[in-house]
Amino acid sequence: MNLKAPRGTRDILPPASEVWDYVETRIKKIYRKRNFLEIRTPIFEETDLFVRGVGDTTDIVEKEMYTFNDKGGRSITLRPEGTAPVVRAYIENKLYGKPQPFKLFYFGPMFRYERPQAGRFRQHYQTGVEVIGGDSPLIDAEVIALGNDILREFSMDNWKLHLNSIGCRECRPVYIEKLKEFFRNETVCRDCSDRIDRNPLRVLDCKSGECAALKNRTPSILDYLCPACSEHFAQVQQLLETLEIPFELDHTLVRGLDYYSRTAFEFKTRELGAQDTIIGGGRYDGLSELLGGPSSPGMGFGLGLDRFILMLENNRLGNLETNPLEVFMVTIGEENVQKEGWRIMARVRKAGFSADMDLLQRSPKNQMKAANRIGARFTVILGEDELKQGVVQLKDMYEGTQSEVRIEELIHALEKKTGEGN
RNA sequence: GUGGGUGUAGCUCAGGUGGUUAGAGCGCAGGAUUGUGGCUCCUGAGGUCGUGGGUUCAAAUCCCAUCACUCACCCCA
């Protein structure tokens, strides 16, 4: 076959898909415990949403979007990130009329046209939260704490929380001027000399030798925050200290999207090679207005599930015990026996056990073989003789023991055996 | 978008300096006398040697291109 999954995409097959399901389910529980509710937004949106929301000078919009015209001539874009769609939905559905702040979570694929590498895909999966309708530092702390909780819940500890404030519409322009001034008098790399005017904050993030060398002399945004932002940021830090969540101030942390304001944070690990951000987020107080909505400050994060699961696997936490098949039905005989076996299996399933049987009309021996390879806990064997007597052989595949039970006693016997095990 | 590495059965890999029917282990399918797994033994299926060109009497092997994977840059989840 010469058809392949497109570059940067992949199939998630069993047993990996079991791990994904497990992770998603467990994260969802954490959200629900904190009274976050799910939102599902379209996988594609009008292109303009991202151009306006994410920012037209960002890398995402400039070169990473999957954009196309649909048959009606509309410009459509596969969503590259989750926040702008959620805020769009918030405005469109007038969620500001509900009790505030509105706390949402989402799961789903995101699309970016990038060169794939470890932990980076063209279709990747994120889960994230957005708290919209409030600018209290309590919200910032709650969101960051939630990220912290998820990592802890999965016993991950090889990461650091990087924290910064990138100010607001009042103070950031002042800082940006200072920054431009500073960089103009220094030598920066080729990419960055272009950036100085268009998006000077990003120079801070540059890892190239000459730019990185400037880091400790570069003016820090934290020295230019207006009183309101400064106070807000101080409170966020205090709250994190109260919650005993360790963090590291990092004034070079600038998120790539334009809509961020004030608090910005990333949970980074050293285990994933160059793609080290596992959770990234921050506050976006102006986004709603940017999209034509009312003033509705918000705060959220995105968590990269591909990277998250990669990290779990690195720590051998990926070998999660998946539930083994409980019963494999083995029939020995003609059609009448198979039919009765089928009925028995249906009853076993109805009683709450997972059950399967041979679907290839194999010999008894090969049915047993199959049961063994699948890892079934029990086999229930039915032959002509058993059928006549109304019994089955119940075999414990782990212990190799086998006993005869009446068909009507089977469920009871299974319950007893599995009860003993646990 | 830029640079490095890789590309032989489902998986992990062998296949010096080009030479005839491309191999192994594992896995998969079946069998080793009456209706029973795991161990052992036997048998079998399965390969456009990533793809397309080129050099050559002859290419998995050399050259070019292309695609994919991978690592890094860039950027982020």
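A note on names: the letters A, B, ... follow the listed sequences, proteins ahead of strands, and every chain is numbered from 1. Predicted model only: the values in this text are computed from it and were never measured.
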Quiz item: ring pair (Phe, Tyr, Trp, His ring centres under 6.0 Å): which pairs involve residues 116-149 of chain A, sequence neighbours left out?
Solution: A:W20-A:Y125
Quiz prompt | Pairs satisfying ring pair (Phe, Tyr, Trp, His ring centres under 6.0 Å), at least one member in residues 36-70 of chain A, at least two apart | solution = A:Y66-A:Y113
Quiz item: Does any N or O donor sit under 3.5 Å from an N or O acceptor when you compare the side chain of A:E62 with the base of B:G1?
Solution: no
Quiz item: Can you list the residues that meet the side chain to side chain contact (heavy atoms under 4.5 Å, CB included) rule with A:E241, with sequence neighbours excluded?
Solution: A:F247
Quiz item: Pairs in or reaching into residues 277-288 of chain A: which pass salt bridge (Lys or Arg N to Asp or Glu O under 4.0 Å), with residues at least two apart or in two chains?
Solution: A:D140-A:R283, A:R283-A:D285
Distances for protein N or O near nucleotides 68-72 of chain B N or O, under 3.5 Å:
residue	atom	partner	partner atom	Å
B:C69	OP1	A:G8	N	3.1
B:C69	OP2	A:R7	NE	2.8
B:C71	OP2	A:A118	N	2.5
B:A72	OP1	A:A274	N	3.3
B:A72	OP2	A:Q117	NE2	3.4

Quiz item: Taking N and O atoms by type only, does the side chain of A:Q402 place a donor or acceptor under 3.5 Å from a partner on the base of B:U36?
Solution: yes
Self-check item: Pairs meeting criterion ring pair (Phe, Tyr, Trp, His ring centres under 6.0 Å) with involvement of residues 333-388 of chain A, two or more places apart
Solution: none
Exercise. Residues of residues 30-43 of chain A with any non-hydrogen atom less than 4.0 angstrom from an atom of RNA chain B: list those, numerically ordered, please.
Key: none
Practice problem: Just jot down the salt bridge (Lys or Arg N to Asp or Glu O under 4.0 Å) partners of A:D385, sequence neighbours excluded, or say none. | Solution: none
Self-check item: Secondary structure of RNA chain B in dot-bracket form (Watson-Crick or G-U wobble, distances below 3.5 Å, | marking inter-strand pairs)
Solution: (((((((..((((.....[...)))).(((((.......))))).....(((((..]....))))))))))))....
Quiz prompt | From B:C75, B:G1, B:G35, nucleotide with atom closest to A:I381 side chain | solution = B:G35
Table of protein N/O atoms under 3.5 Å from nucleotides 38-40 of chain B N/O atoms:
residue	atom	partner	partner atom	Å
B:G38	O4'	A:N372	ND2	3.2
B:G38	N2	A:M397	O	3.3

Practice problem: Sorted by first residue and then second, give each salt bridge (Lys or Arg N to Asp or Glu O under 4.0 Å) pair with at least one member in residues 361-370 of chain A; sequence neighbours left out. | Solution: A:D358-A:R362
Self-check item: Proximity to RNA chain B (any heavy atom under 4.0 Å), residues of residues 144-152 of chain A only
Solution: none
